[in-house]
Amino acid sequence: MPDESLHLSVVNSLLERHAGSAGALLPLLHDIQERIGYIPDVAVPEIAHALNQSQAEIRGVISFYHDFRTAPPARHILRLCRAESCQSRGAEQLAAQLRERLQLDDHGSSADGHISLRPVYCLGACACSPALELDGRVHARLSAERLDALLDACREDA
Ligand code: FES
């Protein structure tokens with residue numbers, strides 16, 4: 001598979017770069033995700049071998065940190081704020097709306113691959129809560145209607 005061998009060569013060059021540094025796992029995983037877009041499964045045995053850890057330990061770290069992806073990213077990344085100010089001003093209803101429209105729990109990618117959903121804890125827009133970030137842009141003073149419009153725009157852009 002061409003992707004697999006390309007991924008392996010990226011992973012091995014990054015392993016060389018991080019060789020010998022203490023606490024290399026997290027920086028290494030971040031670098032792999034930055035270069036490839038996610039952590040491919042083929043990387044796990046290579047990392048485990050190089051760092052003298054078990055594959056289960058490596059998979060445990062990858063699944064513990066929500067920022068790591070194990071599949072290519074969706075076209076759009078939507079991060080709904082779940083911190084206190086947004087929670088007190090309707091974020092839970094918006095989360096329920098997202099779960100229903102995307103058929104997801106609070107963290108994952110829609111089946112059509114258009115939208116990835118992730119929680120975030122404060123976007124610095126507390127005075128205008130509830131808020132979310134869509135593809136790096138903050139949208140505040142959200143309502144159910146505005147959220148629907150943002151989701152419709154993502155789908156049209158697909
Ligand atoms: S609590 Fe949501 S933006 Fe700060």
Side-chain angles (χ1 to χ4, degrees), residues 3 7 10-11 14-15 17-18 21-44 47-48 51 53 55-158:
D3 266 4
H7 290 167
V10 169
V11 168
L14 290 171
L15 277 168
R17 187 187 303 169
H18 287 275
S21 61
L25 181 56
L26 287 178
L28 172 66
L29 291 173
H30 280 292
D31 283 355
I32 291 171
Q33 182 158 290
E34 191 179 311
R35 289 278 300 277
I36 297 175
Y38 64 104
I39 316 282
D41 198 57
V42 72
V44 173
I47 298 169
L51 300 185
Q53 295 187 29
Q55 291 189 37
E57 286 172 309
I58 305 300
R59 288 184 207 287
V61 171
I62 293 169
S63 63
F64 180 78
Y65 293 99
H66 277 173
D67 277 346
F68 292 132
R69 293 184 293 269
T70 55
R75 190 178 182 103
H76 299 284
I77 310 284
L78 191 158
R79 304 195 308 154
L80 178 65
C81 180
R82 309 300 296 274
E84 195 173 333
S85 174
C86 288
Q87 283 291 78
S88 70
R89 300 181 78 176
E92 191 46 53
Q93 290 92 319
L94 297 174
Q97 185 181 346
L98 283 169
R99 285 194 291 269
E100 186 175 328
R101 270 207 60 175
L102 301 177
Q103 295 293 296
L104 284 175
D105 64 13
D106 293 332
H107 188 275
S109 294
S110 57
D112 58 13
H114 291 165
I115 300 176
S116 258
L117 185 59
R118 292 193 218 149
V120 66
Y121 295 91
C122 198
L123 292 163
C126 316
C128 309
S129 54
L132 63 73
E133 184 189 86
L134 179 61
D135 299 331
R137 183 169 165 218
V138 174
H139 299 263
R141 295 198 169 92
L142 287 169
S143 61
E145 294 73 25
R146 286 197 62 217
L147 180 57
D148 266 335
L150 289 170
L151 294 174
D152 289 344
C154 288
R155 286 261 151 82
E156 282 163 19
D157 181 40

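In this text, all values refer to a predicted model and were calculated from it rather than measured experimentally. Ligands are counted one by one from 1 in listed order, and the atoms in each one are counted from 1 as well.
Applying the 4.0 Å criterion to heavy atoms of Ala125 picks out, from ligand 1, the atoms 3 (S). Of all atoms in ligand 1, numbered sequentially from 1 with element shown, those under 4.0 Å from a heavy atom of Ser85 are 1 (S).
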Is there a salt bridge (Lys or Arg N to Asp or Glu O under 4.0 Å) between Arg59 and Asp41 once you walk through the steps? CA-CA 9 Å; Arg59 288 184 207 287; Asp41 198 57; 2.5 Å; yes

Worked check of side-chain contact (heavy atoms from CB on, under 4.5 Å) between Arg17 and Asp31: CA-CA 10 Å; Arg17 187 187 303 169; Asp31 283 355; 4.1 Å; yes

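Within the 4.5 Å cutoff, side-chain heavy atoms of Arg79 are placed close to those of Leu123.
Residue contacts with ligand 1, taken as heavy atom pairs separated by less than 4.0 Å, involve Cys81 solely via side-chain atoms from C-beta onward.
When Ala83, Gly124, Cys126 are ranked by how near their heavy atoms come to atom 4 (Fe) of ligand 1, first place goes to Cys126.
Once rounded to the nearest 0.5 Å, the distance linking CG of Leu15 with CG of Leu28 reads 5.0 Å.
The neighbour count for Glu84 CD, taken as heavy atoms of other residues, nucleotides or ligands under 6.0 Å away, does not exceed 12.
Inclusion of Cys86 in the first shell of atom 2 (Fe) of ligand 1 is supported: an N, O or S atom falls under 2.8 Å.
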